[in-house]
Amino acid sequence: MTLQQAYQTLIIELLHLEATYLITKDMQTIPTVYYKDQPLHRPRFLADDASGGIISTAKELMTFLKSF
């Protein structure tokens, strides 16, 4: 099972998260990264990160933390 499949099956689907996803290298759109109120132009930063970066909302992060 790939990391993306594991996250999808064991976290995202299980917790019914709708705005949460794992960034992959083949994604065409990379979310904007902010420092305070300034957007940082680092288009491949998250996709090239080996840590398995997830994009989510504060609400869904709280859902994950409560279930953890």
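Note that these values count all heavy atoms, side chains included, but never hydrogens, waters or copies made by symmetry.
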**Report entry** Verify same cluster id: Phe68, Leu3 (apolar side-chain graph, 4.5 Å)
**Finding:**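 Yes; tracing contacts between hydrophobic side chains, which count when under 4.5 Å, links both residues.
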**Report entry** Joint hydrophobic cluster, Leu22 plus Met1, side-chain heavy atoms closer than 4.5 Å
**Finding:**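 Each belongs to a different hydrophobic cluster.
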Query raised in the report: Do any N or O atoms from the side chain of Ser67 and from the backbone of Phe64 form a donor-acceptor pair under 3.5 angstrom?
Result: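 Answer holds: yes.
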Query raised in the report: How far apart are the C-alpha atoms of Gln4 and Gln8, what are their side-chain angles, what is the distance that settles it, and do they pass the side-chain contact (heavy atoms from CB on, under 4.5 Å) test?
Result: CA-CA 6 Å; Gln4 184 177 10; Gln8 187 67 36; 5.5 Å; no
Query raised in the report: Listed by chain and number, what are the side-chain hydrogen bond (donor to acceptor under 3.5 Å, both in side chains) partners of Thr2, not counting sequence neighbours?
Result: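 So Thr2 forms a side-chain hydrogen bond (donor to acceptor under 3.5 Å, both in side chains) with Gln5.
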Determine all donor-acceptor pairs shorter than 3.5 Å in which one atom belongs to a side chain in residues 10-20; sequence neighbours excluded.
unit_1	atom_1	unit_2	atom_2	d
Thr20	OG1	Ser56	OG	2.6
Thr20	OG1	Glu60	OE1	2.3

